[in-house]
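Down below is the structure, laid out as structure tokens.
No hydrogens, no waters, no symmetry mates; every other heavy atom, side chains included, goes into these values. This structure is a prediction, so every number in the text was calculated from the model and none was measured.
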Amino acid sequence: MSTAAQDQAHARESDATSLLVMEDVGKSYGNVDALRGVSMDVRQGEVTCVLGDNGAGKSTLIKIIAGLHGHTSGTMLIGNKDIHFSSPREAQGMGIATVYQDLALAPLMSVWRNFFLGNEMTKGFLRSLDIPTMQRIAGEELTKMGIAIPDLDRPIGALSGGQKQCIAIARAIYFGAKVVILDEPTAALGVKQSGVVLKYIAKMRDAGLGVVFITHNPHHAYLVGNHFIILKLGRVVLDAHRDQLTLDQLTTEMAGGQELAELSHELGDLDPGKVVTPSTLEPGEVDPPTNAMKIVSGDPEN
């Protein structure tokens, strides 16, 4: 990246307000380090994409920010205040909302009931549910997000995956979220529905929220992301602004970089165009690859 581009990126970062800062955060379970030395700066009006393969530490990172688990090393700052959450409710009170992959929605409940699930509005001496007000607010907030659902009494389980994601996002924003963590929001969606969710992520960014987009899809991340962090075995292996890398570089790093190059070298002698005539094989008739692990029966010492 050129010097002018670097200066421009640094100027943009210095102008943005840090909403959540993690410095050398780690999480240990006994002798097992799930996270080690992870640093992250979630800024207002930016999408911070956290990528990684299965077992990279993404779920542990989410749980620390959401207040489910406490970190065992490092510091987490909100407004220059050292924070160590003891519960998800405490994290929500500090403006951090998490939209999990399962969305925490009740499929048989209506749209408006799910919107206020756990935060129901009441009225009168008997504190009965204020249904008209909740229906009105739910409709207004979903309309602001560009979500048109004519019947708010419809069970939310009848909606598409993209609509469910958008309702969960709109709910988080309405209840005061400043930082929204999205856990693999496009993992189970098709191309069109993924596009809808990515549009709402961009809307949240443009509205001044800090978004943490957890994903294993570099193409989706690059469409909306401002900053990219790749985790591998609990450590940060890439921390770069959008101006500092291309989609191809992000994809290569996500795929393993050096490991992918080594695998390509190992498979270099294979003929990708080879077509084998199908045949019937009996168990044990396929020869193992060279240097493959041999499975023996009986006592391996004899």
Set of ring pair (Phe, Tyr, Trp, His ring centres under 6.0 Å) partners for Phe85, sequence neighbours left out: none
Test side-chain hydrogen bond (donor to acceptor under 3.5 Å, both in side chains) applied to Thr133 - qualifying residues, sequence neighbours left out: Asp130
Atom of Val224, atom of Ile201 and distance for their closest heavy-atom approach: CG2-CG2, 4.1 Å
Whether Tyr174 and Phe116 hold their rings parallel, tilted or perpendicular, with breakpoints at 30° and 60°: perpendicular
Glu184: partners by salt bridge (charged side-chain N to carboxylate O under 4.0 Å, His left out), with sequence neighbours left out: none
Considering all heavy atoms, the nearest Thr246-Tyr222 contact: CA-OH, 3.7 Å
Side chains of Asp41 and Ser18, donor plus acceptor under 3.5 Å: yes
Sequence neighbours excluded - side chain to side chain donor-acceptor pair (under 3.5 Å) pairs with any residue from residues 185-196: Thr186-His220
Euclidean distance, Leu19 CG relative to Ile78 CD1, rounded to 0.5 Å: 9.0 Å
Nearest non-hydrogen partners of Ala170 and Leu142, listed with the distance: CB-CD2, 3.8 Å
Over all atoms of both residues, closest heavy-atom pair of Leu129 and Glu120: CD2-CB, 3.7 Å
Can you list, pair by pair, the side-chain donor-acceptor contacts under 3.5 Å of residues 57-70, counting residues two or more places apart and other chains?
unit_1: Lys58; atom_1: NZ; unit_2: Gly52; atom_2: O; d: 2.8
unit_1: Lys58; atom_1: NZ; unit_2: Asp53; atom_2: O; d: 3.2
unit_1: His69; atom_1: ND1; unit_2: Tyr29; atom_2: OH; d: 2.8

Cation-pi check, Arg242 onto Phe228 ring (under 6.0 Å, within 45° of axis): no
For Ile214 against Pro185, the heavy-atom pair lying closest together: O-CD, 3.7 Å
Fellow cluster residues of Leu77, listed by chain then number, with links counted only when side-chain atoms sit under 4.5 Å apart: Val21
